[in-house]
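Taking it in order: structure first as structure tokens, then the write-up.
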Amino acid sequence: YMPDGTDTSPQMIMEKLSTTYDEINREQNQTVRYYDEKIRKRKIREDLIMHAIEPALEAGEFEVYYQPKVSMKTRKITGAEALIRWNHDGKVVSPGEFIPICEKTGQVQKLDFYVLETVCRHIKEWLERGIEVVTVSVNFSKHHFVEDTVAEHINRVAEKWGIPKQHLEIEFTETAYIEGSRNLSSSINKLHGYGISASMDDFGTGYSSLSVLKHAPVDIVKIDRSFVQGLCGSAFDHSFVHLMVELCHSVGIRVCVEGLETTAELAALQPFGADYLQGFLLGHPEPAARFAPLFL
Ligand code: C2E
Ligand code: MG
Ligand code: MG
């Protein structure tokens, strides 16, 4: 960042420096970055989103969608992933945009618990209507695992709604282990004690994948979409998926393959015997009112 004479306060200079620093961290292999118009605009957008989250929660602008997970063997829906959507000013803001911002500000904790509450409410409603309920997974950001009490909080919400715990699963990413360290494994053990299962999301995209598996006693590993995209063209990705299925199965972990879009990918996957499939090929994320009737 080069001060250009228009900056009037040290605070403004520090803010530009820190925004530029964030930008360097955002992209790999980037060591030098100059403050520019793009960074300025991104910062304005981030501030806008950050300040809009709380009012949006109050106004009920967040909605939970459900994407089916299908059994590879029976092709029946055996689970669903809860995915947050933000209906704002007549548009849908993608979680890919606002979740990273909320992770920076800490607001993600509130959002994740909002999703958990909504999921419990839906499950309760479905059970009351006699709809067959599958296990629903909820994404929990790595920020929760900095503390050791997240499992207790999750359990308290489930108890409040009085839903059978086997209907709940918590998804987290492998970076939760790197940053939350010890707490992640103890949190998973506590979740198991309550009867709630745990899965590792986006597996293969972090830096310590295999050692994480040794320390985090998960029930399910979700192999990231980036490997699925390479199933038909990349020998490495093909072998990676194959080996991961074998490794996980040999230690009693089930495997979900994420982001299946084509029948060619499905055909390439067929011999590996994964447990669950998730992707646009099998079903898009849908609002609760469109998801539940799939079981009627
Ligand atoms: P994720 O947890 O890995 O969720 C899967 C994402 O992949 C979802 O995007 C889903 O719509 C998308 N997807 C599923 N199948 C396919 C496919 O076949 N092709 C393609 N191209 N995409 C597919 P979405 O809903 O936009 O969410 C993006 C990410 O935002 C999620 O990745 C998750 O990391 C985060 N996220 C979403 N909801 C929550 C939440 O409630 N809490 C937290 N902490 N993070 C959330
Ligand atoms: Mg997920
Ligand atoms: Mg994922």
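Every number for a ligand or one of its atoms is a count from 1 in the order of the listing.
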Using a 4.0 Å cutoff against the non-hydrogen atoms of V115, which atoms of ligand 1 qualify?
41 (O)
Within 6.0 Å of NZ in K91, more than 12 heavy atoms from elsewhere:
no
Part of V138 within contact of ligand 1 (heavy atoms, under 4.0 Å):
neither
Tell me which protein heavy atom sits closest to atom 5 (C) of ligand 1, plus the residue, atom name and distance to 0.1 Å.
E258 OE1, 4.0 Å
Does at least one non-hydrogen atom of E103 fall below 4.0 angstrom from an atom of ligand 1?
no
Any idea which atoms of ligand 1 are less than 4.0 Å away from a heavy-atom of L260?
18 (O)
For atom 6 (C) of ligand 1, closest protein heavy-atom neighbour:
L83 CD2, 4.7 Å
Only N/O/S atoms count here: what is the atom of E81 closest to the Mg ion (ligand 2) called?
OE2
For ligand 1, which atoms have a heavy atom of E261 less than 4.0 angstrom away?
17 (C), 18 (O), 19 (N), 20 (C), 21 (N)
Would you say I99 has any N or O atom under 3.5 Å from an N or O of ligand 1, going by distance alone?
no
P285 heavy atoms, cut-off 4.0 Å: which ligand 1 atoms fall inside?
11 (O)
Is the number of heavy atoms from other residues, nucleotides or ligands within 6.0 Å of CD (E58) greater than 12?
no
Is any heavy atom of the protein nearer than 4.0 Å to atom 25 (O) of ligand 1?
yes
Under 4.0 angstrom from ligand 1, any heavy atom of E81?
yes
Considering only protein heavy atoms, which is closest to atom 22 (N) of ligand 1, and at what distance to one decimal place?
F280 CZ, 3.3 Å
Please check atom 41 (O) of ligand 1 for a protein heavy-atom neighbour under 4.0 Å.
yes
With heavy atoms of Q67 as the reference, note each atom of ligand 1 found under 4.0 Å away.
14 (C), 15 (N)
Take E46 and K43 through the test salt bridge (charged side-chain N to carboxylate O under 4.0 Å, His left out) and record every step on the way to the result.
CA-CA 5 Å; E46 278 190 15; K43 172 78 175 140; 5.4 Å; no
Verify atom 9 (O) of ligand 1: protein non-hydrogen atom under 4.0 angstrom away
no
Under 3.5 Å: N/O of G279 near N/O of ligand 1
no
Just let me know how K222 lines up against ligand 1, side chain, backbone, both or neither, with a heavy-atom cut-off below 4.0 Å.
neither
Check this for me - ligand 1, S94, N or O atoms closer than 3.5 angstrom, yes or no?
no
With a sphere of 6.0 Å drawn around NZ of K73, does it hold more than 12 non-hydrogen atoms of other residues, nucleotides or ligands?
no
Tell me which N, O or S atom of E171 sits nearest to the Mg ion (ligand 2).
OE1
Can you tell me which residue and heavy atom of the protein come closest to atom 39 (C) of ligand 1, and the distance to 0.1 Å?
I84 CG2, 3.7 Å
Which of the atoms in ligand 1, numbered in the order shown and given with their element, are less than 4.0 Å from a heavy-atom of D201?
1 (P), 2 (O), 3 (O)
Using a 4.0 Å cut-off to any heavy atom of S141, which atoms of ligand 1 qualify?
44 (N)
N/O/S from S137 sitting under 2.8 Å away from the Mg ion (ligand 2):
no
Is D202 close enough to the Mg ion (ligand 3) that one of its N, O or S atoms comes in under 2.8 Å?
yes
So which of the N, O or S atoms of D201 lies nearest the Mg ion (ligand 2)?
OD2
